[in-house]
2 protein chains.
Amino acid sequence: MDKLAATSVFESLSSSVRLDVFRLLVKKGLDGMVAGEIATTLGVPPTNLSFHLKALTQARLLTVEQEGRYQRYRANIALMLDLIAYLTEECCSGNPQQCVDLRAASNCSASVLQPISTNSTKS
Amino acid sequence: MDKLAATSVFESLSSSVRLDVFRLLVKKGLDGMVAGEIATTLGVPPTNLSFHLKALTQARLLTVEQEGRYQRYRANIALMLDLIAYLTEECCSGNPQQCVDLRAASNCSASVLQPISTNSTKS
DNA sequence: ACGATAATACAATAATTGTTGAAATATTGC
DNA sequence: GCAATATTTCAACAATTATTGTATTATCGT
């Protein structure tokens, strides 16, 4: 992750429409959605949505896969995690206790960030 | 964290100057820096830096504290963690295994996100 | 092959954002 | 109080980004 990649990601998510698109696709996970579905769900004109999908894809926040005449988009969640790593690089000049204190001040409990447990989803 | 707060944060970090400022202050942790130090360190004209500091502060990514005639800025790391939570809300429609798989595809090892261990910093 | 549909590209315009220098405000040290 | 310093505000201009309608490309079903 270099600075240009990071600012591209932030720039992408700074638009209300693009943030809606990305969050919608994060929810959909590996299923993703085709462009038309996204446009209908969010109530955005196809032309305008296309503009924003292009921006998100160029920032690598979305992947596209052609499915006949449809384009299926998926969120690149790994990139988002890389971005977090970039942002917190050298956090507190490597003082872990300070980091822990800062973390305690947030409500972050994102499941994608929880420690991996090997038997939590076994049936 | 609502949508407006989230887009404000992303908008703030989408500028090269503002990203540099934020990352610099993340490194500094609780010490923070005064405006002039930041300007000198990054080689940004004070007038322009002030513009960007204002934007970052309005987005709540920075806090300001007056110190005589200096203004000391600090990164609001908790807000950033809240943002991560917001972004990954309902990730994979609550399918934890899919989340874990996606996570495995990233290089994220941010120390601020590591599980809290109670004795790692004892001397 | 043909009409219908999915999606993108293009062009024009509207709106927002970034940068700079000069002026203003506030605090310090003498 | 006064000169020096730290920072911000303001105004002007430059640059970038967003939105919309129309046109284009490609695929599907028959």
Side-chain angles (χ1 to χ4, degrees), chain A residues 3-25 28 31-76, chain B residues 3-25 28 31-76:
Chain A
K3 188 157 85 175
L4 182 59
T7 52
S8 299
V9 170
F10 287 125
E11 204 280 317
S12 288
L13 295 176
S14 70
S15 135
S16 175
V17 172
R18 290 194 295 264
L19 181 57
D20 285 342
V21 170
F22 185 71
R23 296 222 310 152
L24 178 60
L25 291 174
K28 294 294 178 174
D31 294 342
M33 286 175 90
V34 300
E37 276 185 283
I38 301 171
T40 303
T41 303
L42 298 179
V44 178
T47 258
N48 192 18
L49 181 67
S50 185
F51 169 82
H52 290 299
L53 287 173
K54 187 179 175 186
L56 284 160
T57 305
Q58 279 176 346
R60 301 205 309 130
L61 271 166
L62 301 186
T63 61
V64 204
E65 186 186 0
Q66 183 145 14
E67 262 182 26
R69 57 179 151 171
Y70 301 90
Q71 301 287 120
R72 181 164 300 271
Y73 288 89
R74 293 185 182 87
N76 181 356
Chain B
K3 188 157 85 175
L4 182 59
T7 52
S8 298
V9 169
F10 287 126
E11 203 282 316
S12 288
L13 295 175
S14 69
S15 136
S16 175
V17 172
R18 291 194 295 265
L19 182 57
D20 285 342
V21 170
F22 185 72
R23 296 222 310 151
L24 179 59
L25 290 175
K28 294 292 178 174
D31 292 344
M33 287 175 89
V34 300
E37 278 185 281
I38 302 171
T40 304
T41 304
L42 299 179
V44 177
T47 257
N48 192 18
L49 180 67
S50 185
F51 169 83
H52 290 300
L53 288 174
K54 187 179 174 185
L56 284 161
T57 306
Q58 279 176 346
R60 302 204 309 130
L61 271 166
L62 301 186
T63 61
V64 205
E65 186 186 1
Q66 184 145 15
E67 261 181 26
R69 58 179 150 172
Y70 302 91
Q71 302 286 121
R72 181 166 300 271
Y73 288 90
R74 293 183 182 88
N76 181 357

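All chains are named by letter (A, B, ...) in the order of the sequence lines, taking the proteins before the strands, and each is independently numbered beginning at 1.
- Of all nucleotides listed (C/dT8, C/dG18, D/dT8), C/dT8 comes nearest to the side chain of A/A35.
- A/L42 places none of its side-chain heavy atoms less than 4.5 Å from the side chain of A/V17.
- Comparing D/dA18, D/dT7, C/dA9 against the side chain of B/V34 picks out D/dT7 as the nearest.
- Summarising the geometry, the separation between CG on B/N48 and P on C/dG21 is reported as 10 Å, rounded to the nearest angstrom.
- A sub-4.0 Å separation between OP1 or OP2 of C/dT19 and a side-chain N or O of B/H52 is present.
- A close approach under 4.0 Å does occur between a side-chain nitrogen or oxygen of A/Y73 and OP1 or OP2 of C/dT8.
- For the OP1/OP2 pair of C/dT25 and a distance below 4.0 Å, the side-chain nitrogens and oxygens of B/R69 include no atom meeting the criterion.
- In this entry the distance linking CG of A/L49 with P of C/dT8 reads 8 Å, nearest Å.
- Of the candidates D/dT7, D/dA18, C/dA7, the closest approach to any side-chain atom of A/R18 belongs to D/dA18.
- Evaluated for a side-chain contact (heavy atoms from CB on, under 4.5 Å) with B/S16, the options B/L19, B/L13, B/D20 yield exactly one hit, B/D20.
- Side-chain N/O atoms of A/T47 and base N/O atoms of D/dT19 include no donor-acceptor pair closer than 3.5 Å.
- The separation between B/F10 atom CZ and C/dT17 atom P is 16 Å, rounded to whole Å.
- To the nearest angstrom, P of C/dT27 lies 9 Å from CD of B/Q71.
- For the pair B/S50 (side chain) and B/P46 (backbone), a donor-acceptor distance under 3.5 Å is absent.
- Rounded to whole angstrom, the span from the CG atom of B/L13 across to the P atom of C/dT17 amounts to 15 Å.
- In this structure, the CG atom of B/L53 is 11 Å from the P atom of D/dT9, given to the nearest Å.
- Checking D/dA18, C/dT8, C/dG18 against the side-chain heavy atoms of A/E11 singles out D/dA18 as nearest.
- In this structure, A/R72 reaches neither bases nor backbone, as no heavy-atom distance under 4.0 Å exists between it and the strands shown.
- Minimum atom distance to the side chain of B/F51 is reached by C/dG18, of the listed C/dA9, D/dA18, C/dG18.
- Each of D/dT7, D/dT9, C/dT27 was ranked by its minimum atom distance to the side chain of B/Q66; first place goes to C/dT27.
- If you find the closest nucleotide of DNA chain D to A/P45 and to A/Y70, the one lying nearer the 5' end belongs to A/P45.
- Rounded to an integer number of Å, the gap from CD of B/Q58 to C1' of D/dT8 is 13 Å.
- Side-chain atoms of B/R74 never come within 3.5 Å of backbone atoms of B/K28 as a donor-acceptor pair (strictly under, hydrogens ignored).
- In A/R72, the CZ atom is crowded: over 12 heavy atoms of neighbouring residues, nucleotides or ligands sit closer than 6.0 Å.
- The CD-C1' distance, from B/E67 to D/dT7, rounds to 14 Å in whole Å.
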